[in-house]
Every structure is written in C-alpha cells, then in structure tokens.
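Remarks on the structure that follows.
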Amino acid sequence: MASGGFDSEGFRHLRQGFHSPAEGAPPEGSAMAIRLRRLRRLPALRAMVRETRLSREQLVYPLFVCPGTGVRQEIASMPGCARLSIDLLVEECRAVHGLGIPAVLLFGLPETKDAVGSGAYAEDAIVPRAIAAIKDAVPELLVWADVCLCEYTDHGHCGLLHGGEVLNDPTVGLLARAAVAYANAGADVVAPSDMMDGRVGAIRGALDRAGFSHTAICSYAAKYASAFYGPFREAADCAPQSGDRRGYQMDPANSDEAIREVGLDLAEGADIVMVKPALAYLDVVRRVKDIYRAPTAAYNVSGEYAMLHAAAQNGWIDHDRAMMETLTSIARAGADIIVSYHAKDAVRLLS
Ligand code: PBG
C-alpha cells in the first residue's frame, strides 16, 4: 500500500484500537495526535476547511406562467410560489436577476388543453411568448424552458395517449417542435422532462436543423415516478386523469438504470443531465457525477419544498437552517446545478 494511508505511522493508534472502551479515556499528549474537533472550534476555521460551498451561480428558479394580465395565483401547497401572467412574470424575473440568481426554468399553463398538447408547441403558445418577454426585459437572465406535454394535454400525460398507452415515437416529434419553438423565442436551455426514449437526440437534431445549434439541452435524464411531485401537479394543473406515469418515469428502486439513462442522453447530445427528485436520490446524483463527470443538475422538487415549509410552519424545524442543509447536501452529492423553489430565499442567506 502507498505510504500515507491508513497503514502509515500516523494511524498506528487507530490500528491498535486505543479507543476501545476497555482502555477508558485516550492517553495524554501526543499519543492522540489526530483530533478532528480542532478545526471545528471556531467559525473561521470551520469555513476554511468547508468542503462544499453553495453559490448563487448554481441555482435555477422554477416559475409558472399563466394566461391573462395582472394575474398572481398563489399555490397553496408551495408557500411563496405563484402562477404569474406574463407581465408579472417579467417583474419577477427582474427581481430574480437582481438577487443574483442566473437562471429561471419556465412551466406553462395554456389557455386551453387538448389531446395532442398543442399549447406546448404552437408558435403563439404561452411559453414562447413568456420567453420572448423575459429576454426583452432582462436579456442577461438565462431562460430555461421545460419541454413536456403534460401541462398541455387534457388527459394530463406527458405524451400522446392511445388505448391507455403513452406513445413514444409520435410524442418525440411534438417535443422536438416545442423545443424549437422555445429556442426560436430565445430560450438558452431546453429541458425535456417527459422521459420518452430518444427525445434528446430528436430535439438535438431538430434544433440543429432549425439553426439553433447553440441552444443547450438539459435532459431530465433520470426522472423517477415519484410521490414528491404532488404540489407541482396542482401548480401546473398536470395530474394524469387516468393511470400514472410509471410506464415512462423510472422505478424509484433503480440506480443502474439511471446510469444507462444518463449515458444514452449524453450520447444523444445532452449538455447537462438532471436527476429528479433530489433528496431521495442523492446516491444517484453521486453515481452520475462520479461516472460521467458531466455537468450534473438535481431538481429539488415541489414535494421536498412543501414538506420543509409545512414542518417549519408548525414550528417543528428551523426553516432557514433546514433549507441550507438541504441545498448543501445536494451540492455535496455532486450536483453542479440545483433547480429549487428555495432559490430566492437561499441567496439571501449566501454571503
Ligand atoms: C412535467 C414535470 C413535472 C415536474 C417537472 N416537470 C411533473 C411530473 O412529471 O409529474 C415536477 C416538478 C416538481 O415537482 O417540482 N413532466
């Protein structure tokens, strides 16, 4: 074994196990050369050796855009979050940019829904209009656009539905159309969250053919069929009217499969790969980062946000401390980018 490891002289006392209860208190003096508490004694020392530093540059703030003007509809299960009409959304984006948050992630609520989710990809659809308005008012703010059909279909599934099945390949073509519409409106990043097979490659091809080879793709590469999306489905009005999403989103028990999903999306041209949800899947975030060393995002989802707020409102946990501990844990697991409804509250606490 190389010198300096557990076999080296410095660790002799550990190998000899002098912490065993039989020996009582550790011996005096240099015999216990290593005391990890020394660097925990003072705030400045703790800060110097801190391994994970959260920074505002890594945060993405999700926003919901709805029709109308002057509309602000609070989302009961997500305190502090609201559906905003485009005019108020633009004001919110100015504030977000002013706080130093570099990016927003947009979700749309269309005027009307139909079986094929036209509200996702029509040229005058709500999300392209919102993107153009934001880019006009706050050009430096990065605009990420979620690409999926579930907010736009009357049945609430993420793709075309036929006989109870969500069709893969016909859906992919529509997702690619949506991605092009968002890129055309000025989106910097398109983020497919539907979990159809092959959609990253199709979106990359469609973007390139339409002249948007510079538009980046953040794929929700490992997206699990999770109970933690509950509040979002109220916010975006996209709960499936029949069945569930287990036929396309991943089984929470699987981790090797996440590695395959991420590998495929990177091969198809994803620039950033995302794991979602974050907290119950931090092991997956770590594996993805260790294996691919690619830009990795994690989505701190609506249910995670709602739980923290609910407990804090009851006085059961300290909101700010729990929030920062949560976000730090996601970064420590290996996420370069954190999508979180906490972003605005968190940047106020960052130095
Ligand atoms: C759309 C989509 C969902 C979320 C992001 N994009 C919902 C779902 O898959 O059911 C969840 C986000 C959150 O819970 O914060 N497919």
Side-chain angles (χ1 to χ4, degrees), residues 59-65 75-83 104-110 113 117 119-121 126-127 144-153 155-161 166 168 171-172 174-175 178-179 182 189-196 199-200 203 217-252 261 272-281 297-310 326-327 330 335 337-344:
L59 297 173
V60 179
Y61 186 57
L63 285 170
F64 302 94
V65 58
I75 301 159
S77 53
M78 299 171 69
C81 298
R83 303 165 170 184
V104 292
L105 171 61
L106 291 187
F107 294 95
L109 290 116
K113 303 184 187 232
Y121 42 84
I126 186 145
V127 165
W144 292 34
D146 186 87
V147 177
C148 193
L149 297 191
C150 68
E151 299 112 275
Y152 309 95
T153 50
H155 47 71
H157 277 289
C158 301
L160 298 176
L161 198 59
V166 173
N168 194 89
T171 298
V172 164
L174 298 180
L175 295 167
Y182 304 161
V189 177
V190 291
S193 67
D194 51 281
M195 288 301 279
M196 299 301 121
R199 91 278 207 211
V200 173
I203 289 173
I217 299 175
C218 168
S219 75
Y220 290 66
K223 177 174 178 180
Y224 289 88
S226 171
F228 292 101
Y229 305 148
F232 175 95
R233 292 185 185 169
E234 177 208 333
D237 185 25
C238 69
Q241 299 304 301
S242 60
D244 55 40
R245 303 212 203 290
R246 280 180 252 210
Y248 40 106
Q249 298 180 346
M250 281 183 57
D251 186 326
E261 282 283 7
I272 300 167
V273 284
M274 183 143 73
V275 174
K276 176 186 175 189
L279 295 185
Y281 303 88
Y299 198 136
N300 178 209
V301 299
S302 58
E304 298 168 347
Y305 179 85
M307 285 196 302
L308 200 152
H309 272 274
T326 295
L327 294 173
I330 299 170
I337 299 167
I338 303 172
V339 180
S340 179
Y341 305 97
H342 292 300
K344 279 171 64 186

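Every number for a ligand or one of its atoms is a count from 1 in the order of the listing.
- By the side chain to side chain contact (heavy atoms under 4.5 Å, CB included) test, Ala236 pairs with Phe64, Glu151, Phe232, Cys238, sequence neighbours left out.
- Contact check for Met196 versus Val166: side-chain heavy atoms found under the 4.5 Å cut-off.
- Within the structure, salt bridge (Lys or Arg N to Asp or Glu O under 4.0 Å) contacts touching residues 223-242 (residues at least two apart or in different chains) are Lys113-Asp237.
- Protein neighbours of ligand 1 below 4.0 Å, counting non-hydrogen atoms: Phe107, Asp146, Cys148, Cys150, Cys158, Ser193, Lys223, Phe228, Tyr229, Phe232, Arg233, Arg245, Gln249, Lys276, Tyr299, Val301, Ser302, Tyr341.
- Atom CG of Asp194 and atom CZ of Arg199 lie 4.5 Å apart (nearest 0.5 Å).
- With a 4.5 Å cut-off on side-chain heavy atoms, Val339 and Tyr220 do not count as touching.
- Residues meeting the salt bridge (Lys or Arg N to Asp or Glu O under 4.0 Å) test with Arg83, sequence neighbours left out: none.
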